[in-house]
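One structure is given here, and the rest of the page talks about it.
Each chain gets a letter, A, B and so on, in the order its sequence line appears, and its residues count up from 1. In this text the structure is predicted, and so the values were computed from the model without any measurement.
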Protein chains: 2
Amino acid sequence: MTRLKVTLHDVANLAQVSTATVSFVLNGTGKVSEATRQKVLAAVNHLGYIPDARARSLKSKRSNIISLLFSYSESSVTTSRYFRDITASVCAKASEHDYKVMVTLLARGKSLDEQVKEITHSGLSGGLIVPGPSPDEVNTLEQTLDHFPTMILSAVPQDPSLSYIDVDNRSGIARAVEHLANLGHRSIAYVTPIKTDSHAVQRLQGYREAMEAHGLGSEVRITEIPLQFENDAAFYPLLNSHPTAIIAFDDLRALQIHGFLTRQGLHVPDDMALIGFDDEDFGLHMSPRLTTIPQPFGQMGGLAVEKLIERVENPDLPPFHHIFPLQITLRESCGLAERIKL
Amino acid sequence: MTRLKVTLHDVANLAQVSTATVSFVLNGTGKVSEATRQKVLAAVNHLGYIPDARARSLKSKRSNIISLLFSYSESSVTTSRYFRDITASVCAKASEHDYKVMVTLLARGKSLDEQVKEITHSGLSGGLIVPGPSPDEVNTLEQTLDHFPTMILSAVPQDPSLSYIDVDNRSGIARAVEHLANLGHRSIAYVTPIKTDSHAVQRLQGYREAMEAHGLGSEVRITEIPLQFENDAAFYPLLNSHPTAIIAFDDLRALQIHGFLTRQGLHVPDDMALIGFDDEDFGLHMSPRLTTIPQPFGQMGGLAVEKLIERVENPDLPPFHHIFPLQITLRESCGLAERIKL
DNA sequence: CTGTTAGCGCTTTCAA
DNA sequence: TTGAAAGCGCTAACAG
């Protein structure tokens, strides 16, 4: 085990200075002559010294660790893309600011407030990001956090003292309806899973509002399908409502619908325009490629980290709130090319 | 800021014992009478005491944090499923053992050995998991780790002193070829991306070997397609080799091929059997549902954590090596039902 | 500009 | 069975 700890003392000894001086050099605090600075840096370099993060944090009462806590109660969190993009962007942005990220998945055994208390009280983390909490969980957070720097993702808490970043799901669906209406569609159907989390509610609401806004209030067609595909039964009502375009709650649903349409001998986009939501990887590999509403997960994660770090380092900052509007990514499944030729 | 720290001292004071005794109770070390134990536990409970992880680790020279370091150089790491399943299973299993997980994405600015040194020397982490390193990166690890408890995932290092867990990609492809051969196929084509990472090489090799093994050595048909789809050009050679079945390097490629076949008026599985690799979520939502070779990412992550923790807590254990064999998940895209009727 | 020193909160000998 | 006390490695007054 050659891996013995190199400490501040070793560096101080080698550089012939006190530990304080080394600390000053390393942290840029205090005034140190350039000559000593170089001596210290040389020693640090020579010994390959890396400060002990625990001791540093313990003493300074600061922490450059952010906890990322997935409660996993909201289905959107379980989509591959959400978990990957949020986690990756949080880690990347944190690393830019020399912060580390601890990822916690709420274990079945542990309650959210236990988990949060551990994060806020164990001293390791200086900040917390909670992606996709349910309204209940947001309540728990409001009561448990006690001013601990926190950023909530993909949810809007009642308590305005909590910072949050969310997307405007309604605007996404609105863009889809708008685009289809502009292409001349009137019978625009919406397919939603049977569930009532806030995103599903918002998207459904966005659909209704957008249809109204385009004078298509009487054309509203909503089909509920189960989360787990079993057979085509759930899709027949959709077809029976005779839409010319379908907006799906998400890309996975769109893929299912595409399969169903194919089985029915219907071609996308000639017989039916199709639009998804989320911009999953596979949408680009479908035939035709899937028009969809991307969510800016990467931006959300990055912004969350930036704004959180600001608040870790300056707890007096006011809470940060941001809602990203959503845009549509046009591909072939909504029949853009064909319709435009008409 | 009501969030003032409750320390061991506070607990000791309230329980009318020394801090040592409280520590003994909390850690199960030392002998403490049941009466004192209860007194201490009551005080802990009353104050909502949560130990400071930094101080604890600093003093005890132990750490219950595992670092998960994604180098992101191997493409398999970038698939949604890999990142999500490995990360999630690592976090879940770690949490069972009361360990925390720090996730690091190798930043563009930082070299792997810098990053590794920081992880191994900052004292925060007691162990390290590295998913999907390239051969070069494995070399770097071999030289940098210096006995730091580490588990390598999805790669097999030369140095047998490193612990690793991988899958047998060749066995996966072999299962696919075997199954197709049993269904009566002889013209079984393989589609591979143009790249030479070890997984791609292994799968290609597995295809060749399995074809030989079934007396189909002369039927080998390999088509290379670019990672990024541009147009159908790359797929025509595939069709010109007149296969009756296609095995794709991964599910994304299979989805692309499915689209191409559809555009060519060919139906899966009647005109062409199709098998993917990785078991991405969308395979279940395709029509027909995609037969595929799942990788046991969840098991890999869980096993990695368990074996790593053993070695964190007992560094003298020998390195752990494990290769998971791969099985095929049969769905409709390989035409099982139809062929069996024949 | 630099050194001395007192802890951060905890674990763990050692003595009682 | 319990307590006193010595640090783990570091930062940040405070002196000089």
What's the verdict on side chain to side chain donor-acceptor pair (under 3.5 Å) for A:Ser89 and A:Asp85, showing C-alpha distance, side-chain angles and the deciding distance?
CA-CA 6 Å; A:Ser89 59; A:Asp85 288 1; over 6 Å; no

A:Phe70 vs A:Tyr82 aromatic rings, parallel, tilted or perpendicular, using cut-offs 30° and 60°?
perpendicular

Taking protein heavy atoms under 4.0 Å as touching, what does nucleotides 7-12 of chain D look like 5' to 3' if B marks base contact, S marks sugar-phosphate-only contact and - marks none?
BBBBBB

Test of understanding: with ring pair (Phe, Tyr, Trp, His ring centres under 6.0 Å), list the residues that count as partners of [X], not counting sequence neighbours.
{"X": "B:His97", "value": "none"}
{"X": "B:Phe320", "value": "none"}
{"X": "A:Tyr99", "value": "none"}
{"X": "A:His9", "value": "none"}

Under the salt bridge (charged side-chain N to carboxylate O under 4.0 Å, His left out) test, which residues partner B:Glu306, sequence neighbours left out?
B:Lys93

Applying salt bridge (charged side-chain N to carboxylate O under 4.0 Å, His left out), name anything that partners A:Arg54, two or more places apart in sequence or on another chain.
A:Asp52

A:Ser57 (side chain) donor-acceptor with A:Arg62 (main chain) under 3.5 angstrom:
yes

Sub-4.0 Å heavy-atom contacts from residues 33-44 of chain A onto DNA chain C, ordered by number
A:Ser33, A:Thr36

Contacts under 3.5 angstrom, residues 111-119 of chain A side chains, donor-acceptor by atom type, not counting sequence neighbours:
{"from": "A:Ser111", "atom 1": "OG", "to": "A:Asp113", "atom 2": "OD1", "distance (Å)": "2.7"}
{"from": "A:Ser111", "atom 1": "OG", "to": "A:Glu114", "atom 2": "N", "distance (Å)": "3.4"}
{"from": "A:Ser111", "atom 1": "OG", "to": "A:Glu114", "atom 2": "OE1", "distance (Å)": "3.2"}
{"from": "A:Glu114", "atom 1": "OE1", "to": "A:Ser111", "atom 2": "N", "distance (Å)": "3.2"}
{"from": "A:Glu118", "atom 1": "OE1", "to": "A:Lys110", "atom 2": "NZ", "distance (Å)": "3.2"}
{"from": "A:Glu118", "atom 1": "OE2", "to": "B:Lys100", "atom 2": "NZ", "distance (Å)": "3.0"}

Among B:Val32, B:Leu41, B:Val11, find the one that has a side-chain contact (heavy atoms from CB on, under 4.5 Å) with B:Val22.
B:Val11

Taking salt bridge (charged side-chain N to carboxylate O under 4.0 Å, His left out) as the cut-off, I'd like each qualifying pair that reaches into residues 12-36 of chain A, sequence neighbours left out, listed once.
A:Glu34-A:Arg37

For DNA chain C, note the earliest and the latest nucleotide, 5' to 3', having some atom under 4.0 Å of a heavy atom belonging to chain A.
C:dC1 to C:dG9

Nucleotide D:dC14, atom P - distance to NZ of A:Lys31 in whole Å:
18 Å

Terminal helix-axis angle for the helix from C:dC1-D:dG16 to C:dA16-D:dT1, with five pairs defining each axis and rounding to 10 degrees:
40°

